[in-house]
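Notes to accompany the following structure.
Position 1 is the first residue of the sequence; numbering continues from there.
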Amino acid sequence: MGGWFTRTIVDTGRLPLFCFFAGFIVTFAFIRFSVRMIRANVKWWPGNVSPGGTHIHHVVFGVIFMIIAGVTGFALNTDNGAANAVFAGIFGLGAALVLDEFSLILHLDDVYWSEKGRTSVDAVFIAVAFTGLLLVGVRPIGVENFTQGSDGSTVSTWLVGSVVLVANFLFAGVTLIKGKIWTGLIGLFIPILILVGAIRLARPHSPWARWRYQRDTPRSKRKMARAITRERRIRTPMIAGKDWLQNMIAGRPDLPSSEG
């Protein structure tokens, strides 16, 4: 195991990325355990940080950790691998605290335990998947040729890499506008996935569907009907499975109030 880690992580220069990933995972696991203990009113667990009666959300500490790690890393500008790994780990710690309250930043409201709070868990899952792929050496299509060309290879290598990279991000943009977040992001690494996502029907509540499927034409109406049918048959069971996994890891959101 040690030999694999050295060959795959250390020798390839991915130790800082690994430390970021490890710091992110450990911190997210800890903070979710902490907030669930607080939510359950466990007496032996410390409560919220509330000096003077003001509840300080952990996103504040996350921003502080990210600034400390980033500014210190830039200021020292060292080639010391161990130091860079430490800074990356601290940055990962801060990033986990920030993304765990991503929904609060997005909505500018304390929606942590509401249905809207699931956005935070989605953001964390996406960050873990994206970083994990980079950690095992998978790169977005076109990046390899682009970086090789930047290192002094032929102009054609750089040009091909640039064109492929731009096309990849354009397809990703179309896929994201169609409401397929996971397909758009993971598809950056798997070209067939992003092509299928960009070509296939959009989700019925996506911006693409609002722009293209709500026109008063028979074709647009047929596409919207197909999109709704597909959402019910395929997406709804997948979303239910994702919600179950999120509830198991991060806790079940509060039920919406029936008052008012």
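Judged purely by atom type and a 3.5 angstrom limit, Thr175 has no side-chain atom pairing as donor or acceptor with the backbone of Thr183. Side-chain atoms of Arg210 come within 3.5 Å of backbone N or O of His205 as a donor-acceptor pair. Side chain of Ser34 to main chain of Phe30: no donor-acceptor pair is present (N/O by atom type, distance under 3.5 Å, no hydrogens or angles). The closest donor-acceptor contact from the side chain of Asn247 to the backbone of Asp243 lies under 3.5 Å. Asn80 places a side-chain N or O within 3.5 Å of a backbone atom of Ala82 that can act as its donor or acceptor partner. Ser120 places a side-chain N or O within donor-acceptor distance of the main-chain N or O of Phe102, the cut-off being under 3.5 Å. Between the side chain of Thr27 and the main chain of Gly23, a donor-acceptor pair closer than 3.5 Å is present.
In this structure the side chain of Arg222 never reaches within 4.5 angstrom of the side chain of Tyr213, judged on heavy atoms. The shortest side-chain heavy-atom distance between Thr12 and Thr8 does not fall under the 4.5 Å cut-off. When side chains are defined from C-beta on, Met224 counts as touching Pro204, because their heavy atoms get closer than 4.5 Å. A heavy-atom distance below 4.5 Å is found between the side chains of Phe87 and Leu76. Asp110 places a side-chain heavy atom less than 4.5 Å from the side chain of His57.
Ile194 approaches Asn168 most closely through the heavy-atom pair CD1-O, 3.4 Å. Residues Arg215 and Lys221 come closest through the heavy atom pair O-CG, 4.3 Å. Shortest non-hydrogen contact noted between Lys178 and Arg200 is NZ-O, 2.8 Å.
Lys116 and Asp109 are not joined by a salt bridge, as no carboxylate oxygen comes within less than 4.0 angstrom of a charged side-chain nitrogen.
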TODO: Would you please test Leu170 and Val174 for side chain to side chain contact (heavy atoms under 4.5 Å, CB included) and show each step?
DONE: CA-CA 6 Å; Leu170 285 176; Val174 172; 5.8 Å; no
TODO: Quick one: do Phe189 and Phe130 satisfy ring-ring contact (aromatic ring centres under 6.0 Å, His included)? Show the steps, please.
DONE: CA-CA 9 Å; Phe189 303 88; Phe130 201 85; 5.1 Å; yes
TODO: May I have the step-by-step check of side chain to side chain contact (heavy atoms under 4.5 Å, CB included) for Gln246 and Phe125, ending in yes or no?
DONE: CA-CA 9 Å; Gln246 288 185 346; Phe125 281 12; 3.8 Å; yes
Open item on the list: One pair to check against side chain to side chain contact (heavy atoms under 4.5 Å, CB included): Asp254 and Arg39. What are the steps and the verdict?
Closed with: CA-CA 11 Å; Asp254 294 328; Arg39 188 188 194 192; 2.5 Å; yes
- [ ] Please assess Phe21 against Leu134 for the test side chain to side chain contact (heavy atoms under 4.5 Å, CB included), listing each intermediate value before the final yes or no.
- [x] CA-CA 10 Å; Phe21 187 73; Leu134 291 173; over 6 Å; no
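Side-chain contact check for Ser103 and Thr119: no donor-acceptor pair (N or O, by modelled atom type) lies under 3.5 Å.
Side-chain rings of Trp45 and Phe33 approach one another, their centers coming within less than 6.0 Å.
Rounded to the nearest 0.5 Å, atoms CZ (Phe61) and CG (Leu97) are 9.0 Å apart.
For the pair Arg32 and Trp113, the cation-pi test (distance below 6.0 Å, angle within 45°) is passed.
With a 6.0 Å radius and a threshold of 12 heavy atoms from other residues, nucleotides or ligands, Asp11 has its CG atom above the threshold. Annotation: Phe171, atom CZ; neighbour count of heavy atoms from other residues, nucleotides and ligands within 6.0 Å does not exceed 12.
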